[in-house]
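We count residues from 1, following the sequence as given.
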Amino acid sequence: MIDIKNITKSFGSLQVLKGIDLHIDRGEVVSIVGPSGAGKTTLLQIIGTLDRPDGGTVSVDGIDTTTLSQKALADFRNRHLGFVFQFHQLLPEFTALENIMIPAYIAGTSTKKAKERAQELLQFMQLSDRASHKPAQLSGGEKQRIAVARALVNSPAVILADEPSGSLDTQNKQELHSLFFDLRDRFGQTFVIVTHDEQLATITDRTIHLRDGIVIGGGEVIV
C-alpha cells in the first residue's frame with residue numbers, strides 16, 4: 001500500500017530525514033511516535049504529498065508520487081488521501097454537512113452524490129442531527145468527527161492524521177481512537193497517525209519509532 005525507500009529531507013543545513021525505509025500494508029492502522037524534532041510530521045507530509053523529499057521514492061497504492069507534476073499531485077491528493085489535523089480546520093461559514101462535501105466538490109462530484117455520501121458519513125458518526133450546525137455550534141469532539149468525515153468523503157485509500165486527538169479531552173480522545181478502527185473495519189482505509197498519545201500508540205496495529213530522522217523500531221510489517 002505505502003512503500004517508502006531511502007527518503008531524505010533537509011531544511012538548509014539541518015537533515016531531518018536520513019534515509020527512511022518503510023512499508024505499510026493496506027488496512028493497517030499505524031502510529032508514528034518519537035521525540036520532538038524526530039521527523040514525524042515531515043515524514044507524514046511527504047507521504048501526503050504536501051512536501052517533496054530530497055531523495056528516495058514514495059509509492060502510495062502503486063503510484064510513485066515523487067514522479068508526479070504539481071497538478072497531478074493535487075489531483076492524487078484529493079482522490080487518494082484524506083487528512084485529519086490536531087485542530088479541525090472546518091470552515092466557520094459552512095454547516096457540518098457542507099464542510100464534509102467540500103473535497104467531493106473539488107473532485108468534481110455532483111451535488112447529489114456528494115450530499116448522499118456526506119449524509120452517510122454523518123449517520124455513521126452518529127451526527128445526523130448536527131448536519132445543519134455550523135462549527136461554532138459543535139463541541140470539540142463533534143468538530144473533530146466532522147473533520148474525519150470530510151477526510152473520508154472521497155473514499156481515499158489512506159487517511160493521514162497529525163496529532164488528531166491532541167486538542168481533545170480524555171473521553172473524546174477515546175471515542176476518536178475507537179472511531180479510527182471502526183472506520184478501518186467499515187471502509188477499509190489505511191491509517192497513518194503521528195501522535196504523542198501513548199494510549200493511542202499502544203492500540204494501533206503497529207508503532208513506528210523515529211529518532212533523529214531514522215526508524216529505530218516498528219518498521220517491519222507484522223504478519
Side-chain angles (χ1 to χ4, degrees), residues 1-5 7 20-34 40-41 43-50 56-66 68 73 75-86 100 103-104 107 109 117-118 120-127 144-166 173-210 215 217-223:
M1 161 54 66
I2 302 174
D3 282 298
I4 299 166
K5 296 181 181 178
I7 286 295
I20 300 289
D21 292 302
L22 191 62
H23 175 79
I24 298 171
D25 267 345
R26 187 180 302 276
E28 271 197 290
V29 178
V30 171
S31 56
I32 301 176
V33 303
K40 305 182 299 297
T41 295
L43 177 60
L44 195 75
Q45 289 175 337
I46 288 173
I47 295 172
T49 74
L50 297 172
T57 61
V58 179
S59 294
V60 179
D61 213 11
I63 298 172
D64 182 354
T65 62
T66 55
L68 299 179
L73 271 179
D75 183 66
F76 176 87
R77 193 181 304 124
N78 176 251
R79 295 178 182 276
H80 295 271
L81 304 174
F83 296 88
V84 181
F85 303 100
Q86 179 173 351
I100 295 170
T109 305
R117 174 64 172 164
E120 175 192 9
L121 290 166
L122 279 169
Q123 184 175 12
F124 185 82
M125 303 284 179
Q126 299 181 345
L127 290 173
Q144 196 63 315
R145 280 187 282 164
I146 294 298
V148 173
R150 179 183 58 192
L152 287 162
V153 72
N154 287 338
S155 301
V158 179
I159 300 294
L160 302 170
D162 194 356
E163 298 289 359
S165 58
K173 280 184 181 183
Q174 293 173 348
E175 290 177 357
L176 183 67
H177 298 167
S178 297
L179 176 63
F180 290 149
F181 290 91
D182 292 343
L183 290 168
R184 186 267 303 274
D185 295 342
R186 171 72 178 270
F187 299 112
Q189 268 87 14
T190 302
F191 282 80
V192 183
I193 307 166
V194 164
T195 185
H196 282 102
D197 192 300
E198 294 181 2
Q199 189 269 342
L200 173 56
T202 58
I203 64 173
T204 55
D205 298 328
R206 183 159 49 113
T207 303
I208 297 162
H209 297 266
L210 258 61
V215 175
E220 73 285 350
V221 177
I222 297 175
V223 179

As an exercise, state the distance from [atom1] of [X] to [atom2] of [Y], rounded to the nearest 0.5 Å.
X: Leu160; Y: Thr41; atom1: CG; atom2: OG1; answer: 11.5 Å
X: Ile2; Y: Glu28; atom1: CD1; atom2: CD; answer: 9.0 Å
X: Leu152; Y: Leu121; atom1: CG; atom2: CG; answer: 6.0 Å
X: Ile146; Y: Leu127; atom1: CD1; atom2: CG; answer: 5.0 Å
X: Phe124; Y: Leu183; atom1: CZ; atom2: CG; answer: 5.0 Å
X: Ile20; Y: Leu43; atom1: CD1; atom2: CG; answer: 6.0 Å

Closest heavy-atom contact between [X] and [Y]?
X: Gln144; Y: Pro164; value: NE2-O, 2.6 Å
X: Gly56; Y: Thr66; value: O-CG2, 4.0 Å
X: Val84; Y: Ala151; value: CG2-CB, 3.9 Å
X: Thr190; Y: Gly27; value: OG1-N, 2.8 Å
X: Val192; Y: Val158; value: CG2-CG1, 4.5 Å

Is there a side-chain contact between [X] and [Y] in this structure, where contact means two heavy atoms from C-beta onward sitting under 4.5 Å apart?
X: Thr195; Y: Thr204; result: no
X: Leu179; Y: Met125; result: yes
X: Asp25; Y: Met1; result: no
X: His196; Y: Lys40; result: yes
X: Asp205; Y: Arg184; result: yes
X: Phe180; Y: Val148; result: yes
X: Arg77; Y: Leu50; result: yes

Review point. Can you list the steps and then say if Ile203 with His177 is a side-chain contact (heavy atoms from CB on, under 4.5 Å)?
Key: CA-CA 9 Å; Ile203 64 173; His177 298 167; 4.0 Å; yes

So, [X] side chain and [Y] main chain: donor-acceptor pair closer than 3.5 Å or not?
X: Ser59; Y: Asp3; answer: no
X: Ser178; Y: Glu175; answer: no
X: Asn154; Y: Pro156; answer: no

Practice item. Salt-bridge test for Arg186 and Asp182: reply yes if a basic N is under 4.0 Å from a carboxylate O, no otherwise. Key: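 Here Arg186 does not pair with Asp182 in a salt bridge, since their nearest N and O are not under 4.0 Å apart.
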
Check your understanding: Does Arg26 pair with Asp61 as a salt bridge, N-O distance under 4.0 Å?
Key -> yes

Practice item. Answer yes or no: are there more than 12 heavy-atom neighbours, outside Gln126 itself, under 6.0 Å from its atom CD? Key: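 Check fails, neighbour count at 12 or below.
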
Review point. Pick one: which of Ile47, Thr57, Val60, Ile46 meets side-chain contact (heavy atoms from CB on, under 4.5 Å) with Ile4?
Key: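 Running side-chain contact (heavy atoms from CB on, under 4.5 Å) over Ile47, Thr57, Val60, Ile46 with Ile4 returns exactly one hit, Ile47.
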
Point to revise | Cationic tip of Arg117 above Phe187 ring, under 6.0 Å, 45° of axis | key: yes

